[in-house]
Every structure is written in structure tokens, then in C-alpha cells.
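Notes for the one structure printed next.
Counting from 1, the numbers follow the sequence of the chain as shown.
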Amino acid sequence: MPKPPMSPTSFFQKDFERQIEFDFLRATEIAALNTLQWLGKGQKEKADEAACDAIRGMFDLMDMRGEVVIGEGIKDKAPGLFQGEKVGTWEANSPSFEIALDPVDGTTNVSKGLPNSLSCIVAAAPQAEDIPCLQDIPAFYMEKLAYPLEVRRAWLKDPKLPIHIDAPIGDVIETTARILGKEVRDVVVCVLDRPRNETLIEAVRSKGAAMRMITDGDIAAALAPAMHTSNIDLYAGIGGTPEAVLAAAGLRCLGGGMRAKIWPRDEAERLSLIEQGWGDRLGREYMSRDLARGNNLVFAATGISTGPLLQGVEVKGTIALTRSVLMRARSGTVRFVETHHDLERKTIHLRSTGIEAQV
């Protein structure tokens, strides 16, 4: 016999991320608004602290049993939202979420008043016990390669294509050009401007591809190849491990792909990873679905200063404009949200005060 149709109540109990996703968006919005006071002030720790305070305050109001599985501190010794922290109301019947976040991706950019900074949260509803949705990797950095939907589809049809982390970047560029119907010189590769990426940068230049270098903020840069609003075709290079997981979740929603591999900074970190039981995974190539598993994923981000993914906060008189993206892996829905905040009436709930305070 056919199953009876699911009642609306049962449906929303199973699809509870649909009900709560806009609260995650509100958290990134108020983080961006609360961080704006530190834009260009040369104090990245203060900016990070302001974002964390705002996000914690919003989490305090949210009906969920949340646990931060990827948070601050591994690189920056930042002010909060650490791994293992419990957030939400934790009522008996509240839905559970694993949470990964970067309250300010691009803290240096914020401190210097530079472009390309945002606040980002990923939430995942667990699907099975003892299998994490968001893969926490105890390494500072990973090698990354992110690419658009068309390239991912081509690789799925022909896995022999050189679309993997150890392939020479020249081969990756040439293959991408052919798939996208471009000349090599028109393929745009985004790379984080760091000494550790010098060999890659020279290889991209030698191939003759176009290059866009960024000083910080590689979540947005890794998502850019999968965004139709971006002119970036590939993101490559060594960047932060937490950012790799956040970007992987976003790419799962967008349909693009990522390859990543652990990159120990030195022998001491390599030995530390081995001692922690990661020795057999140092050479593993992780894909997006390995870093962000399942379909119950919500990705929310709000621009602080303008970057390749989102415009930054803009204040016009008493109105502050925020631009955000909200995505779900289950449906593939991508929402770009522009919100107008009346600063004469807008209040945000900060953890530090425990009350609603004017921005």
C-alpha cells in the first residue's frame, strides 16, 4: 500500500533546518554590523571579539542544541566560539546542529580597511551517530583546489581528467579552459598571496592564465568559481583548514567542487599529526563531500567589506545595508539577501551584556 502523505507537522520536524536557517543568517548579519566599528582601526582582535559577541548573543536566543565543532583559536588564539562550546537553548526537544564558523574571515583585511572580509556560519543536522558531518582536521593548513559545477560534472563523467590536488596546475588550467570553452589566457585563477604559494603563483603565470591574488579571506575566494556572479574560474593554493571545511559546505550547496590535502607547516606539525592518529591521512585527497557530509547543511555569510562573493556593509544616513547569502545543500537553493537596518531602531542581543542593545 502507498504510504500516507506526511503531515505538515511531521515534515517540518524532519526538515527543521528550513525553520531555523534565517536565524543563522541573522547571526552573520549582526556579526557584520557589530564588526563595522573596527573596520580600518588596526585592531583585528577587537573586530573578532565584536563578531563573536554578536553571534553568541544570537545563538543564546535560538531553539537548538548546537555544538561548535570547528571554531576559533587554532591559528589566531581568538576571543571565542571554540571547539566543543555548547550554543543554543538546549531544550529537551530542540533540534541538534554541528556548527562550523568563522566570525570574521579576513580579520587582517578588516583591521586595515581592505576588501574581502565576511562573517560565515555553517550548520549541519547530524544524520548518524558517531559520524561527524563537518570534518574537524587538527592541522593549520590545507592545499586546496576549487572549481565550478561544469568542471565537477566533466570529472564525474571522466575521472581520468587532471582535476585533483596533485595534478600540475598547468594541466588543471588547460583542462578547465577546454571544459568552459575558454582560451587558457582567459581562465582566471585566484590565489592567496603568501610565500608558501610562490611556486604555484609562478606556475600559473608561466601557463599564461589570468591571476587574481588576495591578501586574506579565502572562504569567499574558494566559493567564487561556483558563483555565476563571479569571474573567477579556479581557486588554488595553501590556506586555512577551518576555512576549507566552511568553503566545502558552501560548494556542496552551489554544486561546485573542491579537493584538499593536509599541508603540515613543518616537521614538528607533521609529527604532531601522526601522534594524534592522522599519519595515514596526511596524503589523502579530501573532496567537498568528505569535509562536509550529508545534505542537511545550511551555509550563511554576510559581507563586512566587499569581496568576490558579497558586497560589504554600507551605511547611508541612519540605514545600514547588509548583503548576505543563504544556501541549503538539500534543495540547492541559493538566496542573496539585501537587508536594510534602521540604526535608530535596530538592536542586537550581545552575550557580553545579555540584553538587547542599539547598534
Side-chain angles (χ1 to χ4, degrees), residues 17 67-71 74-75 83 96-102 105 120-167 172 218-226 234-264 269-270 273-274 276-299 301 327-330 332:
E17 67 263 25
E67 181 175 350
V68 177
V69 297
I70 298 174
I74 184 172
K75 290 186 299 181
Q83 182 182 27
S96 296
F97 284 97
E98 295 176 21
I99 294 173
L101 75 171
D102 198 342
D105 181 39
C120 177
I121 297 172
V122 169
Q127 293 185 306
E129 292 183 6
D130 301 324
I131 301 176
C133 297
L134 304 173
Q135 182 63 63
D136 177 44
I137 298 174
F140 276 52
Y141 298 119
M142 298 186 85
E143 295 181 69
K144 308 174 194 177
L145 174 67
Y147 42 87
L149 174 61
E150 296 86 347
V151 172
R152 186 175 72 85
R153 283 176 172 167
W155 179 85
L156 288 171
K157 290 181 179 178
D158 182 7
K160 294 181 181 179
L161 290 174
I163 304 297
H164 54 84
I165 201 69
D166 293 322
V172 176
D218 67 343
I219 294 175
L223 293 178
L234 294 169
Y235 174 73
I238 299 161
T241 295
E243 291 84 352
V245 179
L246 288 158
L251 289 165
R252 290 289 318 284
C253 300
L254 290 165
M258 174 189 276
R259 310 297 179 97
K261 186 168 72 172
I262 295 171
W263 188 81
E269 186 178 10
R270 189 185 72 83
L273 288 165
I274 292 172
Q276 295 178 70
W278 286 78
D280 60 342
R281 287 170 281 184
L282 292 181
R284 176 181 175 180
E285 181 180 63
Y286 290 86
M287 301 179 73
S288 301
R289 63 174 177 264
D290 300 316
L291 298 174
R293 301 180 181 92
N295 291 320
N296 298 329
L297 298 168
V298 174
F299 179 101
M327 306 186 285
R328 294 182 70 207
R330 180 191 294 271

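With a 4.5 Å cut-off on side-chain heavy atoms, Ile99 and Val69 do not count as touching. Taking the side chain as every heavy atom from C-beta outward, Pro264 and Tyr141 never approach each other to under 4.5 Å.
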Task: CA sep, side-chain torsions, deciding dist, call: Leu149, Leu254, side chain to side chain contact (heavy atoms under 4.5 Å, CB included) - done: CA-CA 8 Å; Leu149 174 61; Leu254 290 165; over 6 Å; no

- [ ] Evaluate side-chain hydrogen bond (donor to acceptor under 3.5 Å, both in side chains) for Gln135 paired with Asp290, printing each intermediate quantity in order.
- [x] CA-CA 7 Å; Gln135 182 63 63; Asp290 300 316; over 6 Å; no

- [ ] Given side chain to side chain contact (heavy atoms under 4.5 Å, CB included), test Ile137 with Tyr286 step by step and report yes or no.
- [x] CA-CA 11 Å; Ile137 298 174; Tyr286 290 86; 4.2 Å; yes

Open item on the list: Test side-chain hydrogen bond (donor to acceptor under 3.5 Å, both in side chains) on Asn296 and Arg328; report intermediate values, then the result.
Closed with: CA-CA 7 Å; Asn296 298 329; Arg328 294 182 70 207; over 6 Å; no

- [ ] Evaluate the criterion side chain to side chain contact (heavy atoms under 4.5 Å, CB included) for residue pair Ile163 and Arg152; output intermediate values, then yes/no.
- [x] CA-CA 8 Å; Ile163 304 297; Arg152 186 175 72 85; over 6 Å; no

Open item on the list: Applying side chain to side chain contact (heavy atoms under 4.5 Å, CB included) to Leu145 and Tyr235, what does each step give before you reach the verdict?
Closed with: CA-CA 6 Å; Leu145 174 67; Tyr235 174 73; over 6 Å; no

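Using a cutoff of 4.0 Å between basic side-chain nitrogens and carboxylate oxygens, Glu285 and Arg259 are scored as salt-bridged.
One N or O on the side chain of Ser288 and one on the backbone of Met258 form a donor-acceptor pair closer than 3.5 Å.
The line from CD of Glu98 to CG of Leu134 is 5.0 Å long, rounded to the nearest 0.5 Å. Separating the CZ atom in Phe140 from the CG atom in Leu273 is a distance of 10.0 Å, to the nearest 0.5 Å. Atom CG of Leu234 is separated from atom NZ of Lys144 by 15.0 Å, given to the nearest 0.5 angstrom. A distance of 5.5 Å separates CD1 of Ile274 from CG of Leu282, quoted to the nearest 0.5 Å. With values rounded to the nearest 0.5 angstrom, Leu246 atom CG is found 6.5 Å from Ile70 atom CD1. Atoms CH2 and CD, from Trp263 and Glu143 in turn, are 8.0 Å apart once rounded to the nearest 0.5 Å.
Between Ala226 and Leu251, the shortest heavy-atom distance links the atoms CB-CD2, 3.6 Å. Nearest heavy atoms, Ala222 versus Ala146: O-CB, 3.3 Å. Closest approach of Met327 to Cys253, counting heavy atoms only: CB-CB, 3.6 Å. Considering every non-hydrogen atom in both Asp105 and Ala220, the closest pair reads OD2-N, 4.2 Å. Of all heavy-atom pairs spanning Val245 and Leu291, the tightest one is CG1-O, 3.6 Å. Summarising the geometry of Cys133 relative to Ala125, their closest heavy-atom pair is SG-O, 3.8 Å, with the distance given to 0.1 Å.
For Arg284, the CZ atom sits in a packed shell: over 12 heavy atoms of surrounding residues, nucleotides or ligands are nearer than 6.0 Å. Heavy-atom contacts from other residues, nucleotides or ligands closer than 6.0 Å to CZ of Arg281 number more than 12.
The cationic group of Arg270 does not satisfy the cation-pi geometry with Trp278, failing either the under 6.0 Å distance to the six-membered ring centre or the 45° limit from the ring axis.
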